[in-house]
Amino acid sequence: MTGKDFMIAALEEISRFIIEHEGALNRLDNAIGDGDHGTNMARASRMMLKLLPELIETREDMGEILHQVGMGCISEVGGSAGPLFGTFYLRAGMYNRGKTVMEPADWVNSFKAGAVGVSQLGMSSEGEKTMLDALFPAGRAMNEALEAGKSLREILAAGAEAARGGVEYTKTIQASKGRAAYIGERSLGHQDPGATTIMLMIQAMHKAAVDMNVE
Ligand code: ADP
Ligand code: MG
């Protein structure tokens, strides 16, 4: 069971990972899009780092913290990533409304709810070379680990590994959603920036869980 401390630590770690990779994410987007994915996600992360101290003071509800983060992404971040990632956090927030602590199952279910939200808003599914190619496999791997009775730390490790596999998979397929779809075949061989961000997010959550010795 985790509380607000782990939620805040995870969100901070996610922000730090993404800011560290801003340039790399821009370069990935440059190859198949307009080169702004790192900039967009770093903007979301800076917004989050500014918001968190205030949320620590005022919010006990896990759902509300995630909701505020989602609203921030939508209102402050451009591109398609702002609304898509914002929706991910809003759906996760909806799932956790009223909870002051989260069980490992709550983490897995909120992650899955977020992934469904992204695919609904993006009218996209797996195999289209988007963040969904990391989100859905990670959700499945985390669910399996949960059902096998693993700890949250192990669940996140399994999710990060599956997301890495998803990122690799995006190199082998052609984009049919988002800007990368405009270049069709030429998107082959390139790794999807959004999927890469998802991998970083889960890696960051895993690091936070290891650092805090979360079961
Ligand atoms: P933009 O494409 O507007 O420049 P970003 O560069 O920040 O926005 O984000 C691009 C990423 O968004 C892609 O790498 C992809 O993972 C994700 N993406 C784009 N369109 C969709 C969609 N319809 N469904 C899911 N993810 C999408
Ligand atoms: Mg872009």
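Counting convention: from 1, in listed order, for ligands and their atoms alike.
- Among protein heavy atoms, atom 2 (O) of ligand 1 sits closest to S80 OG, 3.1 Å.
- Between the H67 side chain and the G63 main chain, no donor and acceptor come within less than 3.5 Å of each other.
- For G33, the heavy-atom gap to ligand 1 stays at 4.0 angstrom or more.
- Around the Mg ion (ligand 2), the protein atoms of type N, O or S that sit closer than 2.8 Å are D29 OD2, D34 OD1, D36 OD1.
- Of all protein heavy atoms, the one lying nearest to atom 23 (N) of ligand 1 is G122 O, 2.9 Å.
- A salt bridge links D211 to K207: one of the charged nitrogens lies within less than 4.0 Å of a carboxylate oxygen.
- Crowding of R153 atom CZ: a count of heavy atoms from other residues, nucleotides or ligands under 6.0 Å exceeding 12.
- For the residue pair T100 and D61, no side-chain donor N or O sits within less than 3.5 Å of a side-chain acceptor on the partner.
- With atom 24 (N) of ligand 1 as the reference point, the heavy atom nearest to it among S124, A81, A195 is part of S124.
- In summary, the side chains of E12 and S15 do not present any donor paired with an acceptor at a separation below 3.5 Å, with no hydrogens or angles considered.
- Proximity of a side-chain donor or acceptor of K129 to a complementary backbone N or O of I173 within less than 3.5 Å is detected.
- Within 6.0 Å of the CZ atom in R186, the count of heavy atoms belonging to other residues, nucleotides or ligands does not exceed 12.
- One finds a salt bridge joining E126 and R140 here, because a Lys/Arg side-chain nitrogen approaches an Asp/Glu carboxylate oxygen to under 4.0 Å.
- Remark: side-chain polar atoms of N96 are not paired, donor with acceptor, to backbone N or O of M62 under 3.5 angstrom.
- Atoms of ligand 1 found under 4.0 Å from any heavy atom of D36 (numbered from 1 in listed order, with element): 4 (O), 5 (P), 6 (O).
- The protein non-hydrogen atom at the shortest distance from atom 17 (C) of ligand 1 is M131 CE, 3.8 Å.
- Between K177 and ligand 1, no pair of N/O atoms sits closer than 3.5 Å.
- At a heavy-atom cutoff of 4.0 Å, ligand 1 is contacted by the side chain of L84 but not by its backbone.
- Between R179 and D34 there is a salt bridge, with a side-chain nitrogen of the basic residue lying less than 4.0 Å from a carboxylate oxygen of the acidic one.
- Every atom of ligand 1 is numbered from 1 in the order shown, and the set under 4.0 Å from a heavy atom of D34 is 4 (O).
- Residue G194 has at least one nitrogen or oxygen atom sitting less than 3.5 Å from a nitrogen or oxygen atom of ligand 1, judged on distance alone.
- The neighbour count for M71 CE, taken as heavy atoms of other residues, nucleotides or ligands under 6.0 Å away, does not exceed 12.
- Protein heavy atom at the shortest distance from atom 5 (P) of ligand 1 is H37 ND1, 3.4 Å.
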Given the rule in the side chain to side chain contact (heavy atoms under 4.5 Å, CB included) test, do D192 and D133 qualify, once you have shown the distances and angles that lead to the verdict? CA-CA 9 Å; D192 181 64; D133 292 313; over 6 Å; no
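- For ligand 1, the atoms lying closer than 4.0 Å to a non-hydrogen atom of D29 are 6 (O).
- We find that E76 and K50 are not joined by a salt bridge, their nearest charged nitrogen and carboxylate oxygen being 4.0 Å or further apart.
- Here is the list of ligand 1 atoms found below 4.0 Å of a heavy atom in N40: 5 (P), 7 (O), 8 (O).
- Considering backbone and side-chain atoms together, D192 places an N or O closer than 3.5 Å to an N or O of ligand 1.
- Here the heavy atom of the protein found nearest to atom 26 (N) of ligand 1 is T130 CB, 3.4 Å.
- Nearest protein heavy-atom contact of atom 20 (N) of ligand 1 is G178 CA, 3.5 Å.
- Classification of the F6-W107 ring pair by plane angle, with boundaries at 30° and 60°, yields perpendicular.
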